[in-house]
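What follows is a single structure, written as structure tokens, with notes after it.
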Amino acid sequence: MHHLLKLGLVNLLLLLLILQLTYAVAASSQQCSTAPNGMQMCGHQLLPKGVCLWRQGIILNGIFTGASRPDCIFQLRDPEFLRVIGKRPKLELVAYADAHEGGVYFPDKEEFYFSSTKKSEPEPNIKLLKLSLATKKVSTLFETTPMSNGMVLDQSGNLVVCQQGKGAQGGFIQRFNLHNLNQTSIVADNWFGLPFNSPNDVVVKSDGSIWFTDPDYGWVQGFKKYAPRVNNQVYRISTDGQVDAVADGFTKPNGLAFSHDEKRLYVTDTGSSVGDGTVDVSKPHSIYVFDVNSDGKTLSNGRMFASVASFDGSYAGIGAPDGIKVDTEGRVYTANTDGVQVFRKDGELLGMIRVRGSANMGFAGKKLHQMLILNDTAIHSVHLQAGGSNLFYATHHAA
Ligand SMILES: *[C@@H]1O[C@H](CO)[C@@H](O)[C@H](O)[C@H]1NC(C)=O
């Protein structure tokens with residue numbers, strides 16, 4: 001009796017082990033068979049070629065197995081992802097370029113503006129560059145800048161740039177006339193006399209107000225001389241130049257975007273990227289969402305929209321969400337170093353477009369169906385079924 005029970009237990013354990021191994025193998029490989037019209041059958045789902053199903057996977061002997069395939073560019077986690085990428089998704093390398101932040105499409109010239117990665121030698125610097133979509137050539141607008149970062153077009157088609165400042169210089173928001181770069185003005189450089197930290201990313205609301213994030217990366221990264229005098233907040237600049245703090249409580253507020261209907265504001269927090277090269281996984285790597293009150297200028301009900309990590313657990317940097325954009329269906333896109341992750345309005349993760357090193361992205365082209373992805377060494381392009389939203393000037397001045 002006793003013996004039999006023991007044998008039963010051993011068998012049960014063996015069975016469990018075999019089951020676990022089988023699951024791990026099944027999770028790490030994906031059996032697909034070719035189907036007509038360039039499609040493939042994966043499990044019971046008909047998928048375009050180049051798309052694969054994301055799997056949860058397990059950690060087996062310390063190795064995370066089955067979550068994703070490194071060679072797969074379009075990783076589907078929810079069938080709605082197909083409505084984002086369309087029937088023939090294809091990622092193209094447009095140009096090699098030192099492309100980090102920004103990603104702003106200017107329809108008048110069919111150009112795409114961005115800022116480079118930070119160089120420290122001989123002194124701290126960031127360049128401001130542009131890509132011509134027609135010739136695929138990259139050219140330099142400014143060899144040296146006050147550490148330019150995120151940017152956006154205002155309602156009149158001017159480029160609004162976050163300037164982090166360097167040395168003793170405070171951060172500021174600067175506006176450029178893209179038809180004559182010598183015509184520039186400072187939109188704001190302080191909040192009640194207190195200089196900004198290092199403005200990081202910026203958006204313009206349909207009422208013309210300018211909203212931006214202001215983390216203290218410049219100080220932490222050592223290119224600013226003075227310690228922060230304000231908290232890492234989000235600001236709103238009204239059309240008559242008044243500056244108000246609208247949200248705080250962040251570690252490193254970074255990308256921001258209004259939802260398609262402007263009833264929500266999304267703000268990413270890259271707190272886990274400390275800024276001195278280290279990673280602190282106890283700090284945020286999430287997207288937060290706020291309701292925009294009916295006055296159109298204040299926020300309430302801040303909460304987590306999605307906590308973000310790299311898709312296959314492979315990044316030491318955990319995969320904090322940096323740039324953020326939205327589409328006309330209310331979906332949210334964030335670049336998080338292993339690619340562009342796409343979320344539904346309710347926060348559900350739909351899938352990922354894998355481009356390693358992604359920092360930001362921007363919608364471009366006539367109807368804003370082209371997504372250009374910046375990954376620090378290159379610009380990739382993907383034509384989406386989804387279309388970019390809240391790009392007032394580009395929407396009303398299609399080339
Ligand atoms: C960016 O993409 C290019 C081309 O696909 C790749 O060679 C490069 O390693 C990527 N950059 C980073 C930082 O991962």
Side-chain angles (χ1 to χ4, degrees), residues 48-52 54 64 67-75 85 88-105 112-121 124-133 135-140 147-150 200-201 217 221 252 254-255 268 270 272-279 285 308-325 333-342 351-364 370-384:
K49 277 226 176 69
V51 179
C52 54
W54 184 82
F64 185 38
S68 69
R69 292 193 338 211
D71 58 334
C72 179
I73 290 166
F74 301 96
Q75 313 237 357
I85 58 177
R88 308 220 181 288
K90 194 164 162 256
L91 184 80
E92 282 169 291
L93 176 67
V94 180
Y96 282 101
D98 183 356
H100 182 64
E101 271 288 348
V104 170
Y105 175 63
F112 192 69
Y113 292 73
F114 55 94
S115 47
S116 73
T117 54
K118 177 171 68 72
K119 297 283 178 292
S120 301
E121 300 293 334
N125 189 36
I126 290 175
K127 293 179 185 180
L128 217 155
L129 307 158
K130 69 174 180 188
L131 165 78
S132 157
L133 293 188
T135 64
K136 299 187 178 174
K137 288 247 155 57
V138 173
S139 52
T140 305
M147 307 302 274
S148 297
N149 212 328
N200 193 294
D201 212 344
Y217 275 128
Q221 291 172 355
K252 299 276 190 280
N254 200 314
T268 67
T270 47
S272 59
S273 298
V274 177
D276 58 2
T278 66
V279 171
H285 39 90
V308 176
S310 94
F311 226 61
D312 61 1
S314 65
Y315 275 91
I318 202 165
D322 189 341
I324 186 166
K325 298 280 148 47
Y333 299 69
T334 193
N336 82 323
T337 73
D338 68 335
V340 174
Q341 294 192 0
V342 186
M352 177 183 73
I353 304 165
R354 180 186 282 270
V355 178
R356 289 191 176 254
S358 298
N360 212 332
M361 67 263 133
F363 283 98
Q370 184 181 8
M371 177 173 273
L372 293 169
I373 304 168
L374 315 173
N375 87 334
D376 285 0
T377 52
I379 299 176
H380 293 81
S381 165
V382 56
H383 185 88
L384 300 179

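Quick note: numbers below take in every heavy atom, side chains included, and nothing from hydrogens, waters or symmetry partners. Not measured: the values here are computed from a predicted model. For ligands, and for the atoms within them, numbers begin at 1 and follow the listed sequence.
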Sequence-distant partners of Lys130, side chain to side chain donor-acceptor pair (under 3.5 Å), two or more places apart:
Glu111
The side chain to side chain contact (heavy atoms under 4.5 Å, CB included) partners of Gln221 (sequence neighbours excluded) come to Lys118, Tyr217, Phe223
Set of side chain to side chain contact (heavy atoms under 4.5 Å, CB included) partners for Lys49, sequence neighbours left out:
Thr34
Backbone N/O of Phe311 and side chain of Asp338: donor-acceptor pair under 3.5 Å
yes
Flag, side chain of His285 to backbone of Val308, donor-acceptor distance under 3.5 Å
yes
In chain-and-number order, ligand 1 lies under 4.0 Å from a heavy atom of each of Arg356, Gly357, Asn375, Thr377, His380
Mind checking whether Tyr113 and Tyr105 have ring centres under 6.0 Å apart?
no
